[in-house]
Amino acid sequence: MRFEKEIRILISEALKSLYDIEYSSSDILLQETKKEFVGDLTLVVFPFTKQSKKSPELTAEAIGKFLVGKQSLISGFNVVKGFLNLEIQDKLWFDYFKKVSSDSSELFDPAKAYSDKVRSGKLMVEYSSPNTNKPLHLGHVRNNLLGYSVSRILRAAGNEVSMVNLINDRGVHICKSMLAWQKFGNGETPQSAKMKGDHLVGKYYVLFDKKYKAQIASLLERGLSEEEADKQAPLQHEVQEMLRKWEAGDPETIELWKRMNSWVYAGFEETYKALGVEFDKIYYESETYLLGKEIAAKSLEQGVFYKKEDGSIWIDLTDVGLDNKVVLRADGTSVYITQDMGTAQLRFDENPGLEKLIYVVGNEQDYHFKVLKEIFRKLGRPWADGLYHLSYGMVDLPSGKMKSREGTVVDADELIAEIVEQAEMTTKAMGKLDDYDSEEARKLYHDLGMGALKYFILKVDPKKRMLFNPAESIDLNGNTGPFIQYTHARIKSVLSKGKKVLGENPEFQDRKMSTEEKALIKLIYNYPDTLQAAAENLSPALMANYAYDVAKSFNHFYHDHVIVDENEKETSAFRLRLSELTSAVIKQSMSLLGIAVPERM
RNA sequence: GAUCUCGUAGCUCAAUUGGAUAGAGCAACUGCCUUCUAAGCAGUAGGUUGUGGGUUCGAUUCCCGCCGGGAUCACCA
């Protein structure tokens with residue numbers, strides 16, 4: 001049941017009959033009436049005044065009269081300047097409420113919630129995509145939370161979505177940590193070092209850089225130029241040699257590689273678990289980096305690519321405002337984009353009917369993905385336009401940019417531990433729990449800490465660069481995850497009191513709604529539209545802000561109304577049902593953000 | 001140098017994709033717990049939307065210039 005659709009049809013009838021204007025109902029723009037004015041939906045009439053040849057006020061007046069006279073849908077209207085504010089019959093709001101409260105699938109099942117049939121598209125979301133040479137940091141956290149949430153939102157909106165990860169597990173940077181461990185590690189393992197595997201490997205990556213710099217420094221002292229020093233440093237040679245061995249499949253090197261990578265995966269696994277993200281399939285770059293060469297070779301014949309004298313293969317993208325781009329080196333080896341060409345082809349081959357491949361990758365790679373898409377356009381792949389780069393902004397710190405060299409990177413594991421600890425301290429200070437060390441309490445601390453972190457990150461429009469202030473992220477008041485979680489727990493508490501006083505599912509009749517009650521019903525009614533907007537824009541932020549609005553609106557209602565009153569059973573029954581539905585909407589919205597809401601806190 | 005992108009209250013973010021008097025939270029100040037969870041609610045204060053033009057009934061939103069931040073432009077990934 002969507003009121004807007006019917007009203008649009010009525011308005012287009014009004015335009016036709018009053019002014020003989022042909023206006024398709026789907027083009028009519030209806031917006032929610034601002035709360036300073038009376039009404040539910042507002043039509044902006046300026047666009048019609050040219051043809052109506054009347055003032056905006058008179059035009060609005062005439063359309064309003066037409067609508068009220070026409071049907072029982074609109075009960076009244078008022079005109080402010082060129083804005084026609086329409087009031088929908090209270091009974092219809094109430095009927096809607098009764099319908100969704102008796103069966104919440106009317107709200108959450110996309111097939112039922114939308115009047116138009118939703119199509120079930122087959123989509124793939126690639127996110128996370130870490131390197132195996134260092135642990136995850138704050139930038140990865142935004143990536144993971146976004147990728148997971150976007151996937152959940154797309155699923156909830158009726159799409160078939162597979163979440164995939166592409167792990168960058170090979171290359172010279174991986175060899176650096178391997179070499180450092182081999183030379184200086186003395187057989188250290190995560191067990192012996194009592195360290196998460198990804199952190200241990202990261203330690204050797206940093207160590208490599210340190211030793212390497214030391215070599216350069218001493219070479220410079222001996223009077224070499226920077227360029228020469230760079231070339232002559234022994235570690236540089238050794239690491240190149242290791243990469244050659246790896247590519248040649250040298251058993252010892254491969255074994256070391258496998259061993260250290262397995263440490264990293266165990267570490268990542270833990271972090272992923274804490275973040276609550278998951279994947280349907282994991283791709284490894286070591287298995288995909290050779291893909292794409294074939295595409296380059298074949299398309300040479302097609303004439304899309306061209307070969308330079310030195311044997312390297314290029315594509316000319318200057319006609320679409322991009323540059324010439326290498327897709328295969330002169331020695332026949334792949335560059336970064338060759339591999340992405342291969343994996344994209346592979347994924348569309350493996351998944352017939354795949355409509356969209358969404359890459360959750362930071363906006364520093366905008367150019368790369370423009371090129372990738374353009375290459376496939378030129379190759380004439382029908383799915384080329386289905387490649388979509390969900391380009392999110394960088395995360396800044398109050399101290400500025402995160403720079404690994406300056407050690408200002410915020411480590412994901414440390415961040416999680418700190419924020420959960422903070423939640424524990426605050427919860428204990430509140431003194432509302434019975435047992436602070438139970439498993440349930442531990443889970444609560446985790447859910448609250450992660451709720452704060454996730455909400456803080458996801459409430460910001462993905463496209464925008466954001467500032468991560470650690471002090472504010474653990475804030476629990478105001479526009480925060482814990483505020484919404486608190487509201488949910490509060491509702492649950494009221495519901496259990498209601499059950500004691502009124503029993504299960506008490507009956508209620510049609511009644512006059514207060515403005516706060518109606519405001520809540522209208523917000524609930526907005527859930528499907530919000531979800532759809534979040535899915536279309538790939539924006540969890542819309543869902544986050546919606547959840548906040550609902551929680552805020554409920555608290556307002558809660559403050560002004562007694563929900564459970566033994567002497568007012570009818571009223572209580574209605575308000576309990578409204579509260580219950582509100583909690584369901586909050587829970588569902590938050591779960592799309594990957595945030596759990598507690599029953600008590 | 002070229003291309004892209006961002007600039008909204010002291011701070012962090014919104015603004016239904018061109019609509020009404022630009023909204024929230026934090027920080028500051030003031031009230032409200034004998035009641036269903038005060039991690040709450042209500043109020044005060046805070047704005048020339050970087051800047052100058054243009055487009056139109058109407059611009060934070062679209063176009064152009066300028067100022068300021070950021071990113072990219074590798075036979076790195």
Side-chain angles (χ1 to χ4, degrees), chain A residues 29-34 36-37 42 44 46-47 49-50 55-56 80-83 85 131 168 170-173 285 289 308 310-314 321-323 325-331 333-337 339-340 362-368 370 391 393-394 396 398 401 423 426-427 429-430 432 448 452 456 459-461 463-469 471-473 475-480 482-487 489-498 501 526 529-530 533 537 541-542 545 548-549 551-552 554-556 558-565 572 575-576 579 600-601:
Chain A
L29 191 78
L30 272 181
Q31 53 188 299
E32 246 175 82
T33 303
K34 299 225 170 199
E36 309 92 271
F37 303 98
T42 296
V44 183
F46 291 110
T49 52
K50 254 181 207 154
S55 71
V80 182
K81 293 194 242 171
F83 298 88
N85 300 320
N131 289 338
N168 184 328
R170 62 160 286 280
V172 71
H173 51 298
E285 201 190 295
Y289 80 108
K308 280 198 176 174
D310 64 0
S312 56
I313 297 179
W314 295 68
L322 304 171
D323 249 325
K325 176 82 190 172
V326 190
V327 295
L328 215 56
R329 293 193 185 100
D331 63 7
T333 57
S334 309
V335 291
Y336 178 48
I337 201 149
Q339 182 237 163
D340 267 343
N363 63 10
E364 76 258 351
Q365 294 198 39
D366 284 354
Y367 186 79
H368 173 77
K370 270 188 199 163
S391 164
M394 296 289 99
D396 284 328
K401 291 175 66 176
T426 310
T427 305
M430 292 285 176
K432 289 181 186 172
L448 291 177
F456 187 85
K459 75 173 177 185
V460 182
D461 182 340
K463 292 193 284 288
K464 292 194 177 168
R465 172 177 272 267
M466 68 170 286
L467 188 121
F468 185 86
N469 187 328
E472 280 176 25
S473 72
D475 210 332
L476 310 172
N477 304 317
N479 189 358
T480 66
F483 166 82
I484 301 169
Q485 291 171 313
Y486 170 77
T487 305
R490 195 185 217 185
I491 295 173
K492 288 294 171 177
S493 168
V494 178
L495 291 178
S496 69
K497 182 188 170 190
V501 175
N526 283 343
D529 290 337
T530 305
N537 295 301
L542 297 177
N545 288 319
Y548 175 65
D549 281 345
K552 209 167 134 66
F554 179 83
N555 283 325
H556 184 57
Y558 174 91
H559 183 262
D560 293 351
H561 297 71
V562 175
I563 297 172
V564 182
D565 183 346
S572 299
R575 289 179 180 163
L576 276 168
S579 303
R600 292 180 57 199
M601 66 184 270

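Order of the sequence lines fixes the chain letters, A, B, ..., with proteins taken first and strands second; residue numbering starts at 1 for each chain. A quick note: this is a predicted structure, and the numbers were derived from the prediction, not measured.
Dashed line: the shortest gap from a side-chain N or O of Lys552(A) to OP1 or OP2 of A24(B) is not under 4.0 Å. For His173(A) and C76(B), the shortest distance from a side-chain N or O to OP1 or OP2 is not below 4.0 Å. A sub-4.0 Å separation between OP1 or OP2 of A39(B) and a side-chain N or O of Tyr486(A) is present. Considering only side-chain N and O atoms, Asn477(A) lies under 4.0 angstrom from the phosphate OP1 or OP2 of G40(B). For the OP1/OP2 pair of C73(B) and a distance below 4.0 Å, the side-chain nitrogens and oxygens of Lys325(A) include no atom meeting the criterion. At least one side-chain nitrogen or oxygen of Arg490(A) sits closer than 4.0 Å to the OP1 or OP2 atom of A38(B).
Taking the C1' atom of each, G68(B) and G52(B) are spaced 15 Å apart, rounded to whole Å. Nucleotides A45(B) and A28(B) have their C1' atoms positioned 9 Å apart, rounded to a whole Å. Annotation: U8(B) and U51(B) have their P atoms spaced 10 Å apart (nearest Å). Comparing the C1' positions of A59(B) and U17(B) gives a spacing of 13 Å, expressed to the nearest Å. When the P atom is used for both U44(B) and C26(B), the distance is 16 Å, rounded to whole Å.
A donor-acceptor contact under 3.5 Å is not formed by the side chain of Thr487(A) with the base of A39(B). Side chain Asn555(A) to base A42(B): no donor-acceptor pair is found below 3.5 Å.
The side chain of Phe483(A) has G40(B) as its nearest neighbour among G40(B), A42(B), U21(B). Relative to the side chain of Lys81(A), the nucleotides U21(B), G25(B), C41(B) differ in distance, and U21(B) lies closest.
With centres under 5.5 Å and a plane angle under 30° as the test, the ring of Phe83(A) is not stacked against the base of G19(B). The side-chain ring of Phe46(A) is stacked on the base of G19(B), judged by centre separation under 5.5 angstrom and plane angle under 30 degrees.
Note on Glu285(A): only backbone sugar-phosphate atoms sit closer than 4.0 angstrom, heavy atoms only; bases stay farther off. Among the heavy atoms of the strands lying under 4.0 Å from Tyr367(A) are primed sugar atoms or P, OP1, OP2 only; no base atom is included. Using a 4.0 Å heavy-atom distance criterion, Thr49(A) is classed as making no nucleic acid contact. Note on Asn85(A): a base of the nucleic acid sits closer than 4.0 angstrom, heavy atoms only. At the heavy-atom level, Pro47(A) lies under 4.0 Å from base atoms of the strands shown. At a threshold of 4.0 angstrom between heavy atoms, the contacts of Val562(A) include nucleobase atoms, whether or not backbone atoms are also involved. As judged by a 4.0 angstrom heavy-atom cut-off over every strand, Val564(A) is placed among the base-contacting residues. Nucleic acid contact for Thr42(A): base, since at least one base atom lies under 4.0 Å from a heavy atom of the residue.
Between the Thr530(A) side chain and the Asn526(A) main chain, a donor and an acceptor come within less than 3.5 Å of each other. Not one N or O on the side chain of Asp323(A) forms a donor-acceptor pair closer than 3.5 Å with the backbone of Lys325(A). Judged by distance alone, the side chain of Thr427(A) and the main-chain N or O of Ala423(A) form a donor-acceptor pair under 3.5 Å. Ser572(A) contributes a side-chain N or O that, together with a main-chain N or O of Ile563(A), makes up a donor-acceptor pair within less than 3.5 Å. Not a single donor-acceptor pair under 3.5 Å links the side chain of Arg170(A) to the backbone N or O of Glu285(A). Checked by atom type and distance alone, the side chain of Ser334(A) pairs as donor or acceptor with a backbone atom of Tyr289(A) at under 3.5 Å.
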After noting the C-alpha distance and the side-chain angles of Leu322(A) and Tyr367(A), does the key distance pass the side-chain contact (heavy atoms from CB on, under 4.5 Å) rule?
CA-CA 8 Å; Leu322(A) 304 171; Tyr367(A) 186 79; 3.7 Å; yes
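Judged purely by distance below 3.5 Å, without hydrogens or angles, the side chains of Arg490(A) and Asn555(A) pair a donor atom with an acceptor atom. No side-chain N or O of Thr480(A) forms a donor-acceptor pair with one of Asp475(A) less than 3.5 Å apart.
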B/S/- along nucleotides 4-18 of chain B (protein heavy atoms under 4.0 Å) is --------SSS-BB-
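Comparing Ala423(A) and Gln365(A) by the nucleotide of RNA chain B that holds the closest heavy atom to each, the one mapping nearer the 5' end is Ala423(A).
The CG atom of Leu476(A) sits 12 Å away from the P atom of C26(B) (whole-angstrom rounding). Going from atom CD of Gln339(A) over to atom P of A77(B) covers 10 Å, rounded to whole Å. Distance NE2 (His368(A)) to P (U3(B)): 23 Å, rounded to an integer number of Å.
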